[in-house]
There are 2 protein chains.
Amino acid sequence: MDHSGKRQAGTLGGAAGKPSASDDTRSTKGGQTAARVCKAALHLFARHGYAAVSMRQIASEVGVQPGALYNHFATKQDILKALMLEHMGALLQAWEACRGTVPEGTDLLEVFVRFHIRYHLSRSEEVFISYMELRNLEPENFAAVERLRQIYEAILTGILEDGMSQGRYRIEEPRVATRAIIAMLTGIPAWYRETGSLTAGRIETIYLDMVRGSLGAAPAFTAGESG
Amino acid sequence: MDHSGKRQAGTLGGAAGKPSASDDTRSTKGGQTAARVCKAALHLFARHGYAAVSMRQIASEVGVQPGALYNHFATKQDILKALMLEHMGALLQAWEACRGTVPEGTDLLEVFVRFHIRYHLSRSEEVFISYMELRNLEPENFAAVERLRQIYEAILTGILEDGMSQGRYRIEEPRVATRAIIAMLTGIPAWYRETGSLTAGRIETIYLDMVRGSLGAAPAFTAGESG
DNA sequence: ATTGAAAATGAATGATCGTTCATTTATTTT
DNA sequence: AAAATAAATGAACGATCATTCATTTTCAAT
């Protein structure tokens with residue numbers, strides 16, 4: 001326990017310090033290694049699980065010696081933490097962006113369900129890791145991820161409560177309904193394959209109908225695509 | 001790769017060889033170690049994950065030296081395999097028993113939903129392991145577990161299709177609906193706590209209503225307990 | 001009591017783990 | 001071009017891993 005200062009970049013995503021001048025194609029191979037580490041770890045963790053993946057495997061996938069990883073992340077745990085926090089942050093940010101583009105009066109339940117399915121299908125590895133590897137997070141990191149997860153849940157709970165107060169849904173326990181719906185939707189990437197007979201749009205419609213039904217809402221009348 | 005013959009008992013559960021005479025309290029400590037190994041592994045795998053648990057930890061929990069484990073299981077993988085196959089087998093067996101006691105004409109959907117919730121709440125560690133550790137199973141063992149899982153799914157699909165053909169449900173894709181419902185129900189143990197404000201019976205009722213709604217069934221009219 | 005098998009021990013196997021570090025190489029800043 | 005900083009190397013650290021095995025202990029059957 002002395003991974004104090006050093007100089008890990010780690011957070012990836014965007015220029016951290018001072019890349020002032022040229023922004024794109026940062027010379028030959030500037031600080032992109034951290035991002036490649038994340039990407040390699042993402043795939044390996046998703047496939048074999050955090051505990052079953054070694055730093056040597058990650059390094060090998062990146063094409064670098066194991067010791068080099070520690071120029072970017074202080075510990076293996078920090079890689080997992082970065083992946084999960086980044087995913088949850090991106091999810092919340094993507095929802096805010098999605099909601100921002102929605103016209104007044106739109107059925108937010110439909111927007112949420114479609115958004116959730118679409119986002120989770122497009123980021124299935126991040127999603128998979130983010131709730132398979134929760135128990136491998138140290139308590140502090142777990143708490144941080146859990147906080148974000150609860151914020152996301154609260155979004156749907158809010159939508160349900162709004163609908164209840166307008167008499168559009170018949171819900172006994174909005175918190176329970178929230179968990180039921182999210183579990184139902186989040187299960188999709190576990191079996192859905194693009195090569196299958198169902199398009200993503202049809203999946204959205206089917207699940208939207210089921211969600212509406214489970215809330216006692218008036219059926220049908222989905223906006224976009226149809227079966 | 002030479003764990004050929006040896007003499008592992010392993011399968012636990014019931015008297016294997018020839019305990020003919022006395023059946024209960026098998027002398028002092030007959031062949032119960034295998035069962036204690038399973039129980040210890042169950043708790044440890046559920047808490048920390050298969051890959052993160054060492055044979056030494058399991059042995060320590062059993063109160064035995066690591067080498068002694070190999071009198072009962074050829075490999076660590078065999079412990080996981082035993083846990084998962086045993087769980088899936090017990091689940092299917094419990095369903096058959098449950099269905100056997102049900103009078104003619106009963107709503108099988110309600111029976112199934114209540115059974116699933118009740119069983120999964122009472123065996124949350126087995127359930128947790130059985131779909132968290134699927135990827136840690138060697139291909140052959142994975143296939144065996146997956147086969148049982150599909151049999152279980154087919155039970156619900158059959159119930160849905162029966163209801164469809166009788167015009168009681170409005171379902172677009174019974175296979176999809178099956179996965180949606182099972183994901184919804186299986187998510188319960190992840191958050192439900194006996195110490196919470198909701199009784200298990202009330203959970204059953206809430207979820208049953210949601211499931212019925214999601215299938216476009218006529219609402220309410222649940223038989224047993226009510227909110 | 002004696003025999004034989006099953007179970008447990010205790011020590012060892014080679015492999016692999018996360019991590020460290022002095023040093024070299026590459027890149028950026030001056 | 002020189003100095004400074006960042007990144008990567010290659011080798012090593014102690015610890016722990018799953019598993020093996022000769023030996024001893026425990027137990028059930030004779």
Side-chain angles (χ1 to χ4, degrees), chain A residues 1-10 15-23 25-37 41 44-45 48-60 62-81 136 138, chain B residues 1-10 15-23 25-37 41 44-45 48-60 62-81 136 138:
Chain A
M1 42 184 75
D2 115 292
H3 46 74
S4 47
K6 289 219 165 184
R7 62 295 208 220
Q8 285 82 14
K18 36 196 161 164
S20 49
S22 70
D23 206 4
T25 66
R26 196 188 311 235
S27 77
T28 47
K29 43 170 12 192
Q32 319 210 292
T33 308
R36 295 177 56 214
V37 170
L44 289 170
F45 289 170
H48 306 109
Y50 171 78
V53 171
S54 70
M55 292 296 268
R56 283 169 175 82
Q57 281 176 272
I58 299 173
S60 167
V62 176
V64 99
Q65 294 295 321
L69 299 180
Y70 292 86
N71 284 325
H72 307 280
F73 295 93
T75 64
K76 182 185 173 189
Q77 169 86 192
D78 276 9
I79 301 179
L80 180 61
K81 166 183 156 190
N136 288 309
E138 287 159 9
Chain B
M1 37 187 74
D2 115 292
H3 46 74
S4 48
K6 290 223 159 179
R7 61 302 205 210
Q8 286 82 14
K18 36 197 162 168
S20 50
S22 68
D23 206 3
T25 65
R26 196 188 311 233
S27 79
T28 46
K29 40 159 35 179
Q32 319 210 291
T33 308
R36 295 177 57 215
V37 169
L44 288 170
F45 290 169
H48 305 108
Y50 171 78
V53 171
S54 70
M55 292 296 267
R56 286 169 174 81
Q57 280 175 276
I58 298 173
S60 166
V62 176
V64 98
Q65 293 295 322
L69 299 180
Y70 292 84
N71 286 324
H72 308 280
F73 295 92
T75 64
K76 181 185 173 188
Q77 168 86 191
D78 276 8
I79 302 179
L80 180 60
K81 166 185 157 189
N136 288 310
E138 288 159 8

#### Entry: For atom CZ of A:F73 and atom P of D:dA8, their distance in whole Å
12 Å

### Message
Take N1-N3 plus N6-O4 or O6-N4 for Watson-Crick, N1-O2 plus O6-N3 for G-U, both under 3.5 Å. Which runs of 3 or more such pairs involve DNA chain D?
### Response
C:5-30 with D:1-26

### Query
Which heavy-atom pair separates B:V37 from B:V62 by the least distance, and what is that distance?
CA-CG2, 3.8 Å

### Message
If the condition is side-chain contact (heavy atoms from CB on, under 4.5 Å), which residues does A:S54 pass it with, not counting sequence neighbours?
### Response
A:R56, A:Q57

Show each protein N/O and nucleotides 9-16 of chain C N/O combination with a separation under 3.5 Å, one pair to a line.
residue: C:dT9; atom: OP2; partner: B:Q65; partner atom: N; Å: 2.6

Which atoms of nucleotides 3-5 of chain D (N or O only) lie under 3.5 Å from a protein N or O atom, and what are those distances?
none

### Query
Between A:F73 and A:I79, which heavy-atom pair has the shortest distance, and what is it?
CG-CG1, 3.6 Å

### Query
How long is the line joining CD1 of B:I58 and C1' of D:dC17, in whole Å?
12 Å

#### Entry: Separation between NE2 of B:H72 and CZ of B:R36, rounded to the nearest 0.5 Å
9.5 Å

### Query
Are A:T33 and D:dA8 close enough that a side-chain N or O sits under 4.0 Å from OP1 or OP2?
yes

### Query
How would you label the contact of A:V62 with the nucleic acid (heavy atoms, under 4.0 Å): base, sugar-phosphate, or nothing?
nothing

### Task
Locate the shortest heavy-atom distance separating B:I58 from B:A41; write the atom from each residue and the value.
CD1-CB, 4.1 Å

### Message
Once rounded to the nearest 0.5 Å, what's the spacing between atom OH of A:Y70 and atom NZ of A:K76?
### Response
9.0 Å

## Note on the structure
When rounded to whole Å, the CD to P distance for the pair A:Q32 and C:dA26 reads 18 Å

### Query
Roughly, in whole Å, what's the span from CZ in A:F45 to C1' in C:dG18?
12 Å

#### Entry: Whole angstrom value for the distance that separates P of C:dG18 from OH of A:Y70
7 Å

#### Entry: B:L80 CG - D:dA18 C1' separation (whole Å)
15 Å

### Message
Is the phosphate of C:dA8 approached by B:H72 (side-chain N or O, under 4.0 Å from OP1 or OP2)?
### Response
yes

### Message
What is the separation between atom CZ on A:R36 and atom P on D:dA7, rounded to the nearest whole Å?
### Response
13 Å

#### Entry: Interatomic distance, B:M55 CE vs D:dC17 P [rounded to whole Å]
12 Å

### Query
Who pairs with B:Q77 by side-chain contact (heavy atoms from CB on, under 4.5 Å), at least two apart in sequence or on another chain?
B:Y50, B:T75, B:L137, B:E138, B:N141

